[in-house]
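One structure is given below, encoded as structure tokens.
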Amino acid sequence: MSEIFRDEETGRDAKLAALYRTAAREEPPPALDDAIRAAARRAVASRPQRVSTSFIRSWRVPLSIAAVMVLTVSLVTIMREEAPEMVLSPGGLPGEADHKRAGPAADTGQSATAVPKTLLPHAQRSDSVGLSPPAQTGSSGIGLRDNRVAPDPAAESRKDMAAAEGKVQSKSEPVSADAALRETSRARVKAAPAVQPSASPPAASMAGATQPRADLAPEKWLERIEDLRRQGKFDEARTSLAEFRKRFPDYELPASFKEWAGP
Amino acid sequence: MATEQNSSDEELMERYRDGDAGAFDLLYGRHKGGLFRYMLRQCGSRSIAEELFQEVWMNLTRARRTYTVQARFTTYLYRLAHNRLIDHYRSQAGGVPVSFEDDDCPALDSIAGGRRDDPALSADHRQQAERLLQLIDALPEAQREAFLLQQESDMSVEEIAKTAGVSRETAKSRLRYAFAKLREGMQEFQ
């Protein structure tokens, strides 16, 4: 320690520092070196997985949007093919479809000539908007086309009654296309718990096609009937009113109704 | 390979952050000895030193994603080591040594017993080296840390202050006291 070079600020001693460097030579054991290096490599190797995770995360939203768009376009296309008037007609509201469905079903006392006029559009419209109760569609795997037959049990029962009277055969010819469709799905409909056989025709219609209307207030019902008339659907309005009267025999109709519906 | 050897610590750490495991090997090779000796002298037990040493490097690998060059790599590395060491002190019965809290340095106390034998050194030189290591062991922890940071990683006073989390004046004071005590202890060889 004869030569001492000091740093004035820190008192650093070059001789001491040199002596320390020759004296202090400890190193970590090789096994520890290997363990640390291996761990460092593993830490880096786990990186690509995180990258792929972030890739999925970053594409999740766009993929979801694309899937929703594809489904939407598919459904709209199917609806256009299956029920074009539902897509194009401005009158295709759910409430309206309700009335259309209830009309013929309630009008079982009338002649069977009313069946082809009201049943066909009604069946298409109501099915397209999905108003038919799921319990009538047979198995759960049945899609849109299967829902089409949902309101049919009421119509079917009515048709059967009319057939017994020998009237349906000739009058139902205009709906042969739809009838053919019904024929293909009749097996499924029969398999489903359809209208109770013991129910009277109005009751059957209530249980089947007019189930959503059970909770409908009389005032609301009358409003819908008025809507039908405003749209020029007078037959349907009368049919619906007839059903209304059966359901609410004591309800006093407004004056505006008495003008066209009679006392 | 030549360019890799010439790369700075900070460049190597950035490359490791970006997924280059080879850069870590170079960094580790450069600093493993100094860091190990720092730990060994600061905790006094080889087994504990190895454990703490490993944890510091593991902390470095875990923190690599957030690494940005803000100072010399050695400051970053030894800051991790310092923090781990303080945690170790806290877990011990004695807690963090007083010297880390006091800016005033206590008088040189007793000196630890004899140590290793290095055949590369001459007898006289070996005696001096052993004596120096004994004196270093006997330094208060904070002064010893300042001395080791300067010797093992060639840190400036500012970097020592930053690593130890103290003011520049405190770091400078610790260094001065450390050298003064070592010189005093080595006077018998002059």
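Below, chain A is the first sequence line, B the second, and so on; all start at residue 1. Note: hydrogens, waters and symmetry copies are ignored here, and every other heavy atom, side chains too, is used.
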So which bits of residues 62-70 of chain A come within less than 4.5 Å of chain B, counting non-hydrogen atoms only?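 Within residues 62-70 of chain A, near chain B: nothing under 4.5 Å.
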Inter-chain contacts: residues 30-40 of chain A against chain B, heavy atoms under 4.5 Å: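 Heavy-atom contacts from residues 30-40 of chain A to chain B are A/Leu32, A/Asp33, A/Ala35, A/Ile36, A/Arg37, A/Ala39, A/Ala40.
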Out of B/Gln151, B/Gln128, B/Met186, which residue meets the side chain to side chain contact (heavy atoms under 4.5 Å, CB included) rule with A/Leu16? B/Met186
Side chain, backbone, both or neither: which part of B/Leu60 has a heavy atom under 4.5 Å from chain A? neither
Side chain / backbone / both / neither for B/Arg46 at chain A, heavy atoms under 4.5 Å: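 Contact with chain A involves the side chain of B/Arg46 alone.
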Measure the spacing between [atom1] of [X] and [atom2] of [Y] and express it to the nearest 0.5 Å.
X        : Y        : atom1 : atom2 : answer
A/Lys15  : B/Arg183 : NZ    : CZ    : 14.0 Å
B/Leu148 : A/Tyr20  : CG    : OH    : 4.5 Å
B/Arg131 : A/Leu19  : CZ    : CG    : 12.0 Å

Is the shortest heavy-atom distance from the side chain of A/Pro28 to the side chain of B/Trp57 under 4.5 Å?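 A/Pro28 vs B/Trp57: side chains apart.
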Compare every heavy atom of [Y] with every heavy atom of [X], then report the nearest pair and how far apart it is.
X       : Y        : answer
A/Arg41 : B/Ala21  : CG-CB, 3.4 Å
A/Ala24 : B/Leu133 : CB-CD2, 4.4 Å
A/Glu27 : B/Arg37  : OE2-NH1, 3.5 Å

Where do B/Thr61 and A/Arg42 land on the side chain to side chain contact (heavy atoms under 4.5 Å, CB included) test, with the steps shown first? CA-CA 10 Å; B/Thr61 62; A/Arg42 277 198 302 274; over 6 Å; no
